[in-house]
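Inspection log for the structure reproduced underneath, given as structure tokens.
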Amino acid sequence: MTGGPLPAQEPYVGPRPFRRAEAPLFFGRSREARLVRDAWLSERVVVLHGAAAVGKTSLLHAGVLPLLSGEAPDAPGAAPRHTAVLPVGRLVHQATWPLARAPGPGGHRFTLLSSWTPAGRSPDPGRPLTAVLGDVADHRRPYRILGAIDHFEELFTVFPERLAERERLVAELARALRELPLNLLLVVRDDQLAALSGYEGVLSPQPFTYLRLEGLDPDSARAAMTGPAGRAGRRFAPGVAERLVERLRTSVYTDRLGESVELVGDRVSPFELQLACSALWAGLAPGEETITAESLARLGDLSGVLAAYFDRAVRDVSVETNWPEGALRAWIRAAFVTERGTRGTAYRGLSQTADLPNAVVDALVARHVLTEEQRAGSLWYQLAQERLVEAVRASGAPGDPAPPAGQEALPARPAGQEPSPGRSPGQEPLPARSPADFRAAAEAALGEGNFVSARRFAEAAARRSLEQGDEWQFANLLAFQGEVARVEGDLESARETLTAARSEFESQQDTLATVRVLTALAEVCLSMGNADEAVELGRQAVSRLPGDVPARTTLAYALWRAGSPADAEAVFNDALDLDRDAARALHGRGRVRIALRDHEGAVADLRRALALGLPRADEEDARAALAEARRHLGG
């Protein structure tokens with residue numbers, strides 16, 4: 001893919017999938033993107049499959065979706081008129097410490113509903129999928145609805161004992177395929193194809209269309225290297241990209257007798273290519289515009305690139321946040337690697353994530369160690385790639401220093417200490433009893449849409465924190481309860497609980513946490529239609545911490561909703577003076593500029609916000625606003 005603005009920083013995404021806004025940097029997959037687009041438009045069920053980390057998610061987000069929207073100028077052919085493209089769906093949230101294992105009212109269905117429900121609305125766990133998709137059909141009057149479900153293997157690999165829940169979801173998808181003009185794209189790993197094929201006759205009377213994604217051939221791999229570098233103003237010297245491709249194709253096999261032989265494969269792993277190019281880019285000198293053989297020599301052994309990348313990122317974050325390096329490594333292992341050696345996830349609270357300040361998490365996201373995802377109206381984190389698990393597990397040593405007092409990292413649950421799969425939250429006590437364990441269970445239940453269990457576990461965690469005299473943690477858990485109520489749609493309860501959390505943080509003189517809660521309260525008031533109250537709360541937050549960009553951004557949105565677009569633009573300007581890359585502020589200022597008839601400025605703001613990356617709900621709104629501003633400009 002080509003086109004779009006030049007990237008401001010590194011052009012390689014590293015060990016994570018491409019986002020839609022990064023389509024201008026996505027090279028080497030044009031043929032595959034067109035093939036998937038054409039099949040999705042014409043077939044009822046298309047299965048895109050391939051090995052782990054082969055680039056399926058990247059192809060969908062940065063290749064196929066831009067084609068359907070007409071954003072890929074080198075490969076024209078947007079979706080026909082009256083075709084509705086749903087946001088990419090997901091099925092489950094898997095927590096690292098799943099205390100709440102019993103099936104609840106949400107599960108796979110709720111997470112998929114969260115993905116497909118229109119932006120700004122809370123999903124109703126009881127609504128059938130056909131009703132949700134029917135709303136799309138009634139609103140846009142399409143003759144075709146395109147729905148994609150990424151990581152569809154989660155239906156079989158996460159909570160496999162929930163057979164009844166799985167069968168219900170498959171039945172609802174089958175009904176939607178029968179009753180609505182729905183074309184499904186299922187993205188699945190190769191190792192779960194057999195499980196999926198068992199449902200082929202149930203889901204659709206027509207045979208599935210299977211498309212396998214392979215690694216990059218040498219020419220495509222070369223394009224994936226040279227294209228992003230060229231867009232960032234650097235070039236590869238003749239033959240250098242080809243040499244790096246050969247290194248990535250070559251592996252060493254050692255047999256049981258210790259004999260080693262070099263093997264040259266036909267394909268290049270996109271994951272290894274991105275990681276190698278990211279490391280290569282980081283090693284370039286500021287004025288080094290040409291990537292030479294000497295640059296390649298500095299890259300070193302490719303087998304150590306991943307571990308070195310993780311180690312460097314942890315050291316940088318430690319220096320940036322003043323958090324001990326050993327404690328940081330221990331926290332990453334505990335929070336994001338399960339005892340089974342798979343990726344775990346953690347929920348982002350108002351001020352902390354799994355007991356660490358959000359500033360630390362943000363620094364890890366910026367370095368592509370962690371990736372974020374919107375699930376069930378909330379933000380969750382996990383390691384950016386499965387292959388990072390081994391680097392994390394090998395990192396550090398048993399003698400790593402402990403975290404600072406009062407903010408210990410959560411320990412991984414000992415092997416064999418599994419909660420009983422059939423036990424409901426209201427039955428006999430669960431093995432884990434610490435506040436952290438109950439909070440983790442609440443986060444897991446929230447991710448599944450099981451609000452009853454989420455509230456129950458959060459309340460239990462808050463009580464235990466209060467019993468132990470940990471007032472700071474108690475305040476954080478009150479804030480979490482407010483977030484649960486907000487996601488559930490109980491805005492009155494959310495306001496009440498967040499107000500209590502605000503009082504606790506103010507009594508502790510925790511300014512940052514107080515500002516976070518005030519900002520959350522302003523957002524709740526905006527959702528309730530109380531724009532004037534939101535303005536007052538936003539002003540209180542900004543007065544306490546004038547340099548806080550999220551607080552200023554929320555105040556600006558509140559001023560806009562209160563009918564003061566000029567004042568809102570001024571506050572958005574203040575926020576962007578503090579952080580010119582604040583995507584949400586750019587999005588808001590772009591919307592305000594449309595109201596002020598500054599359509600040229602709106603286009604510039606909205607394009608930059610999309611290039612920087614926005615959450616799903618904001619991205620959809622920003623794209624619609626950009627189209628509106630362009631219409632006013634006459635194209």
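Position 1 is the first residue of the sequence, and the numbers go up from there. In this text the structure is predicted, and so the values were computed from the model without any measurement.
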ask   = Quick one: do Arg464 and Glu459 make a salt bridge, cutoff under 4.0 Å?
value = no

query = Is the shortest side-chain N to carboxylate O distance from Arg589 to Glu569 below 4.0 Å?
reply = no

Measuring only between side-chain heavy atoms, which start at C-beta, is [X] closer than 4.5 Å to [Y]?
| X | Y | result |
| --- | --- | --- |
| Thr345 | Tyr381 | no |
| Val317 | Trp323 | no |
| Val361 | Gln352 | no |
| Leu383 | Ile332 | yes |
| Val187 | Phe152 | no |
| Val542 | Asp574 | no |
| Arg333 | Val389 | no |
| Arg495 | Asn530 | yes |

For a quick test of reading the model, state the closest non-hydrogen atom pair linking [X] to [Y] and the distance between them.
| X | Y | result |
| --- | --- | --- |
| Ala582 | Leu576 | O-CD2, 3.7 Å |
| Ala609 | Leu586 | CB-CB, 3.9 Å |
| Ala602 | Ala629 | CB-CB, 4.2 Å |

ask   = In this structure, are over 12 heavy atoms from other groups packed under 6.0 Å from Glu600 atom CD?
value = no

ask   = Does Glu496 CD have over 12 foreign heavy atoms under 6.0 Å away?
value = no

Is there a donor-acceptor contact under 3.5 Å from the side chain of [X] to the main chain of [Y]?
| X | Y | answer |
| --- | --- | --- |
| Thr554 | Ala551 | no |
| Ser507 | Glu504 | yes |
| Ser69 | Pro66 | yes |
| Asn476 | Trp472 | yes |

task = If a pair satisfies ring-ring contact (aromatic ring centres under 6.0 Å, His included) and one of its residues is in residues 541-567, list it, with sequence neighbours excluded.
result = Tyr557-Phe572

key: Residue pairs fulfilling ring-ring contact (aromatic ring centres under 6.0 Å, His included) with at least one residue in residues 593-614, sequence neighbours excluded   = His599-His632

message = Glu165 vs Arg168, test: salt bridge (charged side-chain N to carboxylate O under 4.0 Å, His left out). Steps then yes/no.
response = CA-CA 5 Å; Glu165 185 179 327; Arg168 179 186 175 189; over 6 Å; no

Sequence neighbours excluded - salt bridge (Lys or Arg N to Asp or Glu O under 4.0 Å) pairs with any residue from residues 511-527 = Arg516-Asp548, Glu523-Arg584

key: Test item: side-chain donor near acceptor, Asp470 and Ser465, under 3.5 Å   = no

message = Checking side-chain polar atoms at under 3.5 Å, does Asp605 have a donor or acceptor matched by the opposite partner on His587?
response = no

Not counting sequence neighbours, which residues clear salt bridge (Lys or Arg N to Asp or Glu O under 4.0 Å) with [X]? List them please.
| X | answer |
| --- | --- |
| Glu506 | Arg502, Arg544 |
| Asp362 | Arg348 |
| Glu467 | none |

request  = Calculate, to the nearest 0.5 Å, the distance between atoms OG1 and CG belonging to Thr499 and Leu521 respectively.
outcome  = 4.5 Å

query = Are Arg486 and Glu483 close enough, and set up right, to give a salt bridge (charged side-chain N to carboxylate O under 4.0 Å, His left out), and what steps lead you there?
reply = CA-CA 5 Å; Arg486 181 190 62 79; Glu483 286 294 289; 3.2 Å; yes

inquiry  = Name the residue from Glu628, Arg593, Arg630 that meets the side chain to side chain contact (heavy atoms under 4.5 Å, CB included) definition with Val603.
reply    = Arg630

request  = Using the side-chain contact (heavy atoms from CB on, under 4.5 Å) rule, take Leu169 and Leu129 through it: C-alpha gap first, then chi angles, then the decisive distance, then the call.
outcome  = CA-CA 9 Å; Leu169 176 62; Leu129 282 175; 3.9 Å; yes

Evaluation steps, side-chain contact (heavy atoms from CB on, under 4.5 Å), between Glu492 and Asp490 = CA-CA 6 Å; Glu492 285 290 353; Asp490 186 354; 4.2 Å; yes

message = For Arg343 and Thr338: C-alpha separation, side-chain torsions, deciding distance, then whether side-chain contact (heavy atoms from CB on, under 4.5 Å) applies.
response = CA-CA 6 Å; Arg343 285 188 293 176; Thr338 71; over 6 Å; no

task = Any chance you could lay out the side-chain contact (heavy atoms from CB on, under 4.5 Å) test for Arg623 and Arg20, step after step, and finish with the verdict?
result = CA-CA 12 Å; Arg623 291 186 187 282; Arg20 182 169 173 176; 3.3 Å; yes

